[in-house]
Trainee: 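Sharing a structure below in structure tokens format, with a few things to ask.
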Amino acid sequence: MNSLAKFAEGKLAELEAKSLRRILVPVQRTVPPFMLRNGREVISFSCNDYLNLSQHPATKAAAQAAIEAHGVGAAASRLVTGDHPVLGALEAKLAALKGTEAACLFGSGYLANLAIIPTLAGRGDLIVIDELAHACLFAGSKLSDARVMVFAHNDVAAASALLEQHRAGARHALLITDGVFSMDGDLAPIGELSDVCRLHDAWLMTDDAHGVGVLGEGRGSAALFPQARIALQMGTLSKAIGSYGGYVCAEASVVDLLKTRARPLIYSTALPPASAAAALAALEVIEEEPELRNRPVALARRFTARLGLPEAVSTIVPIIVGEADAALAASRGLEAQGFLVIAIRPPTVAAGTARLRIAFSAAHTEAMVDGLADAISALGLLR
Ligand SMILES: *Cc1c(COP(=O)(O)O)cnc(C)c1O
């Protein structure tokens, strides 16, 4: 065996011993929230497609029409020949939704954060970031060469202290947080963070991957903090919007700079027109159907009430289990009862906080939610 394969085998064995090896399990999504996994039909509580718009007739029709009209791929970077008009139309729609001057699309949410952060921050700048911010926000920060300082989760005083101490020595400062935290389901104190940023001339960036479509009348977590000034509202088209791609909403000059300088926009092929067309159709559904967009969070609240947990504030409710093997066992126990709730383990979450991450969608019925709550209760995980 060559040394590379040997290295890989050793590494995998090491991870396996710690219950940290990850395995792909093919699924077949049937009618939401059902899917086939390991040959069995289960009710998924692990999809981020909160409004089931990946399967909506309007989004499918829009994607199909775009494929017929324009083909399946964009054929080049937007700055070459890939700038199909539907991309601009989607940017205008996103900017209107978020109340900003402009928006810029990227290949995915992950790529958006690799694009935005290094374009706007570099050597000599300061990034202050929540410890539980999404992995791609850390990846973008690292790529930027700015000085990165981490503050305790949602600790406004700690963020403020970092800026107090280090802002003067930096050219620019960027404060980065998730709007809705992806593994905890809680909200960032966006209003207070905005005040801190104003005080220290720092730019606030929120990642609203889990807020758009389902919070603030579909406009996302920022809409819950109308006084806040958020310089960069980033998000994804791949969760409640049901399609694929990432975006940022900001002032026109900021968007123009990103379109001129962001490397994942310059050197990577544009989003397929069908993905953008589907997202555009999804945003129209979100706008027109308040009952649909409010349903996932309402179901999450029903669940937390039934179990006596703190009231859900988003579509995501974590049940912290502790060790990775215990979380895996809990997940297997639920799957045997027909509920798919994937265990989330380190390094996605901190060691000792492996958990069941439950995601509620508009397609769940009240009976399904109650059934899951009772099954979790019976596992004896709640102390
Ligand atoms: C899922 C997620 C992303 C990545 O978005 P993709 O479009 O799936 O690449 C970024 N940030 C957060 C907080 C996420 O949950």
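Numbering of ligands and ligand atoms starts at 1, following listing order. Note that these values count all heavy atoms, side chains included, but never hydrogens, waters or copies made by symmetry.
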Trainee: Distance only, no hydrogens: is a donor on one side chain within 3.5 Å (strictly under) of an acceptor on the other, for Ser331 and Arg357?
Mentor: no
Trainee: Can you list the atoms of ligand 1 that are under 4.0 Å from a heavy atom of Ser182?
Mentor: 15 (O)
Trainee: About how many Å separate CG of Asp49 and OG1 of Thr315, when rounded to the nearest 0.5 Å?
Mentor: 11.0 Å
Trainee: Give the residue, atom name and distance (to 0.1 Å) of the protein heavy atom nearest atom 4 (C) of ligand 1.
Mentor: Tyr110 N, 3.6 Å
Trainee: Quick one: does any side-chain atom of Thr119 pair with a main-chain N or O of Ala115 as donor and acceptor, under 3.5 Å?
Mentor: yes
Trainee: Among all protein non-hydrogen atoms, which one is nearest to atom 2 (C) of ligand 1, and what is the separation to 0.1 Å?
Mentor: Lys239 NZ, 2.4 Å
Trainee: Below 4.0 Å from ligand 1: does a non-hydrogen atom of Gly246 turn up there or not?
Mentor: no
Trainee: If you have a sec, work out which protein heavy atom is nearest atom 11 (N) of ligand 1 and how many Å separate them, to one decimal?
Mentor: Asp207 OD2, 2.6 Å
Trainee: Would you name the heavy atoms of Ala252 and Ala102 that are closest together and state the gap between them?
Mentor: CA-CB, 3.8 Å
Trainee: Output the list of atoms in ligand 1 that are nearer than 4.0 Å to some heavy atom of Ala209, sorted by atom number.
Mentor: 2 (C), 11 (N), 12 (C), 13 (C), 14 (C), 15 (O)
Trainee: Is it the side chain (CB and beyond), the backbone, both or neither of Ala112 that lies under 4.0 Å from ligand 1, heavy atoms counted?
Mentor: neither
Trainee: So is there a nitrogen or oxygen of Thr236 less than 3.5 Å from a nitrogen or oxygen in ligand 1?
Mentor: yes
Trainee: Can you tell me the protein heavy atom closest to atom 8 (O) of ligand 1 and the distance?
Mentor: Ser238 OG, 3.3 Å
Trainee: If you count the non-hydrogen atoms of other residues, nucleotides and ligands that lie under 6.0 Å from CZ in Arg123, is the total more than 12?
Mentor: no
Trainee: Looking only at non-hydrogen atoms, which of His210, His134, Met183, Met234 approaches atom 12 (C) of ligand 1 most closely?
Mentor: His134
Trainee: Using the benzene-type ring in the case of Trp, are the ring centres of Phe181 and His210 under 6.0 Å apart?
Mentor: no
Trainee: For atom 5 (O) of ligand 1, which protein heavy atom lies nearest, and how many Å away is it?
Mentor: Gly109 CA, 3.4 Å
Trainee: Which ligand 1 atoms are under 4.0 Å away from a heavy-atom of Cys136?
Mentor: 10 (C), 11 (N)
Trainee: Do the side chain of Glu131 and the main chain of His153 share a donor and acceptor less than 3.5 angstrom apart?
Mentor: yes
Trainee: So which of Leu94, Val212, Leu283 actually passes side-chain contact (heavy atoms from CB on, under 4.5 Å) with Leu237?
Mentor: Leu94
